[in-house]
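The structure appears right after this line, and notes come after that.
Hydrogens, waters and symmetry mates play no part in the numbers below; they use all other heavy atoms, side chains included.
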Amino acid sequence: MKATLVIENISNLITLKGKNRPRVKEEMREIGLIEDGVVAVKGDKIIYVGKGSLPDNIKITEETVVIDGKGKTVTPGLIDSHTHLVHGGSRENELAMKLKGMEYLDILNAGGGIHSTVKATKEASFDDLYEKAKKSLDIMLSLGITTVEAKSGYGIDDFDTELKQMEVAKKLNKDQPVDIVSTFMAAHAIPEQYENNPDEFVEIIINEMIPEVEEKKLAKFCDVFCEEGVFTVEQSKRILLAGKEHGLLPKIHADEIKPLGGAELAAEVGCVTADHLVATSEEGMKSMAEEKVIANLLPATSFNLQTGKYAQARKMINMGLPVSLSTDYNPGSCPTENIQLVMSFASLIMKMTPEEVITAVTINGASALGIENEAGSLEEGKKADIVVFDAPNLNYIIYHFGINHAKIVIKNGIIV
Ligand code: IZC
Ligand code: ZN
């Protein structure tokens, strides 16, 4: 067999080889490290992962791209399983309010926050949204992200804007290298006109929007912002169950700011992930562990909200919750695409080990998007999504924080 691309002499090859399912407890520290590793690719698939030299049946020809991995750390492509990628405008105007002590929910309830991005996203053309999101995807790719989740949620009751966001994600998925997994999230804020009757908006999401999203095949997941003053546990439940009936897998923004019981609900309705979990109770964690709901943690958001409160990652891992990590890239609570910074925060602030961190942004991130059979580890038959870090080992990537260590990013077998 002729290889199209080979990375040889890899000082630290992190394969994450193992079961194609979210890893828990000590499994999160078993990263399948190979020193002096080699990876061979044919087309868009991995055909060999091992130690030393290639076996005789895999040939390097004149056409093979050969990369020297000496002094480098090689990992699967990183997976960012929670972003609000497609949106109009930005919210740097909130910085001054934040510095004066105004909190995220205060800004939202005063008609700013998500509502100001809804306005900007409505006003933006398809092309504006496309170009802006494309720019972010280029940054993400340069940082080693090869798959990203993208939520709607800046149209809310304006369904055309919701559809526009998802259509932009769909076109970008076709046009550029990063794989995009789409999530429908009209349940992101209560629109002004439904302030006194939010259940009416819930009915519209359930009866009008969800069936059309299914019919147009515009999303794989359905998500809800379950939070004080946003959607209640009861409303969230109805929306997520309706989504499920229409083939949309449930995800939830749970206990980001107030401990409403979103984690318990995630376990009850069988969410694939519950995200944020900063204020989650021990009961909530226990029920998530029992139902194997993935805890998708977003420490850069905690950092940016300036509350000093972070999800209890250590406790969650010890309790057996599978943990993934994401940027939460959005214009309000987390305006950064930098997943490597998230990885450093997860370790430096939430005390996750570097091994747990890399597991959280590869195989567990893939599981958070239901793509664990195709991506998330370096194994024969999987997609050739690979990052070559200019770093001698994994610890170095986490420790030397705030910069981009990715030197070469390979997506579907091609250097991008
Ligand atoms: O635009 O503020 N938390 N949704 C829930 C967000 C943050 C995004 C935003
Ligand atoms: Zn979010």
Side-chain angles (χ1 to χ4, degrees), residues 80 82-95 107-108 110-143 145-194 201 204-205 208-225 230 248 253 326-338 411 416:
D80 190 348
H82 181 140
T83 88
H84 303 253
L85 173 73
V86 181
H87 60 262
S90 57
R91 310 223 293 261
E92 66 275 21
N93 64 312
E94 290 175 11
L95 180 58
I107 299 172
L108 177 65
I114 293 171
H115 296 296
S116 74
T117 302
V118 167
K119 187 166 180 286
T121 307
K122 274 185 195 174
E123 283 164 6
S125 69
F126 184 96
D127 291 346
D128 292 341
L129 294 178
Y130 180 97
E131 287 309 324
K132 185 171 165 66
K134 169 78 170 58
K135 220 164 142 181
S136 286
L137 288 166
D138 289 346
I139 296 169
M140 288 171 168
L141 192 60
S142 74
L143 288 158
I145 295 172
T146 49
T147 303
V148 68
E149 185 249 19
K151 300 180 198 293
S152 71
Y154 293 121
I156 49 174
D157 55 332
D158 177 8
F159 193 39
D160 285 343
T161 301
E162 288 287 318
L163 293 172
K164 181 171 68 174
Q165 280 185 276
M166 290 183 283
E167 296 282 4
V168 166
K170 187 174 172 181
K171 180 158 167 53
L172 282 165
N173 186 42
K174 283 204 199 99
D175 293 354
Q176 57 76 57
V178 181
D179 284 325
I180 302 174
V181 179
S182 191
T183 296
F184 171 62
M185 199 186 173
H188 193 195
I190 306 291
E192 211 183 341
Q193 59 163 321
Y194 296 102
F201 180 46
I204 291 169
I205 294 175
E208 295 172 28
M209 296 185 179
I210 286 175
E212 191 167 333
V213 172
E214 179 195 26
E215 193 189 306
K216 293 199 158 123
K217 295 191 171 59
L218 280 172
K220 175 171 182 175
F221 293 98
C222 179
D223 197 342
V224 179
F225 190 12
V230 193
L248 300 176
H253 283 60
S326 303
T327 60
D328 191 20
Y329 170 61
N330 75 72
S333 65
C334 200
T336 183
E337 296 90 344
N338 195 341
K411 176 64 199 171
V416 285

Out of curiosity, [X] [atom1] to [Y] [atom2], how far, rounded to the nearest 0.5 Å?
X    : Y    : atom1 : atom2 : value
I210 : I205 : CD1   : CD1   : 7.0 Å
I204 : F159 : CD1   : CZ    : 11.0 Å
K132 : L85  : NZ    : CG    : 10.0 Å
D223 : M185 : CG    : CE    : 4.0 Å
C222 : E214 : SG    : CD    : 11.5 Å
D179 : T147 : CG    : OG1   : 4.5 Å

*Judged by modelled atom types alone, do H253 and H188 share a side-chain donor-acceptor pair under 3.5 Å?*
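Not at all, the side chains of H253 and H188 share no donor-acceptor pair under 3.5 Å.
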So, [X] side chain and [Y] main chain: donor-acceptor pair closer than 3.5 Å or not?
X    : Y    : answer
S182 : L218 : yes
D127 : S125 : no
Q176 : L172 : yes

*Applying salt bridge (Lys or Arg N to Asp or Glu O under 4.0 Å), name anything that partners D80, two or more places apart in sequence or on another chain.*
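Counting only residues at least two positions away or on another chain, D80 forms no salt bridge (Lys or Arg N to Asp or Glu O under 4.0 Å).
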List the atom of [X], the atom of [Y], and the distance in Å for their closest heavy-atom pair.
X    : Y    : result
S142 : I139 : OG-O, 2.6 Å
A189 : F201 : O-CE2, 3.7 Å
A219 : L248 : O-CD2, 3.2 Å
P331 : S90  : CB-CA, 4.3 Å

*asked:* Do Y329 and V148 have side chains that approach each other closer than 4.5 Å (heavy atoms only, starting at C-beta)?
replied: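 Counting from C-beta outward, Y329 and V148 never come under 4.5 Å.
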*Answer whether the closest heavy-atom distance between the side chains of T83 and M140 falls below 4.5 Å.*
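In contact.
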*P177 pairs by side-chain contact (heavy atoms from CB on, under 4.5 Å) with which of V416, T146, L137?*
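Only one option passes, and that is V416.
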With a cut-off of 3.5 Å and sequence neighbours excluded, list every side-chain donor-acceptor pair involving residues 161-168.
| residue | atom | partner | partner atom | Å |
| --- | --- | --- | --- | --- |
| T161 | OG1 | D158 | OD2 | 2.5 |
| E162 | OE1 | S152 | OG | 2.5 |
| E162 | OE1 | G153 | N | 3.1 |
| E162 | OE2 | G153 | N | 3.1 |
| E162 | OE2 | Y154 | N | 3.4 |
| E162 | OE2 | G155 | N | 2.9 |
| E162 | OE2 | I156 | N | 2.9 |
| K164 | NZ | T121 | O | 3.1 |
| K164 | NZ | K122 | O | 3.3 |
| K164 | NZ | A124 | O | 2.5 |
| Q165 | OE1 | G153 | N | 3.1 |
| Q165 | OE1 | Y154 | N | 2.9 |
| Q165 | NE2 | V86 | O | 2.7 |

Show me the donor-acceptor pairs, under 3.5 Å and distance only, between side chains in residues 111-120 and residues at least two apart or in other chains.
| residue | atom | partner | partner atom | Å |
| --- | --- | --- | --- | --- |
| S116 | OG | G113 | O | 2.9 |
| T117 | OG1 | R91 | NH1 | 2.7 |
| K119 | NZ | E123 | OE2 | 3.4 |

_Aromatic ring pairing Y130/F126, orientation class (parallel under 30°, perpendicular over 60°, tilted between)_ =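 Parallel, since the angle between the ring planes stays under 30°.
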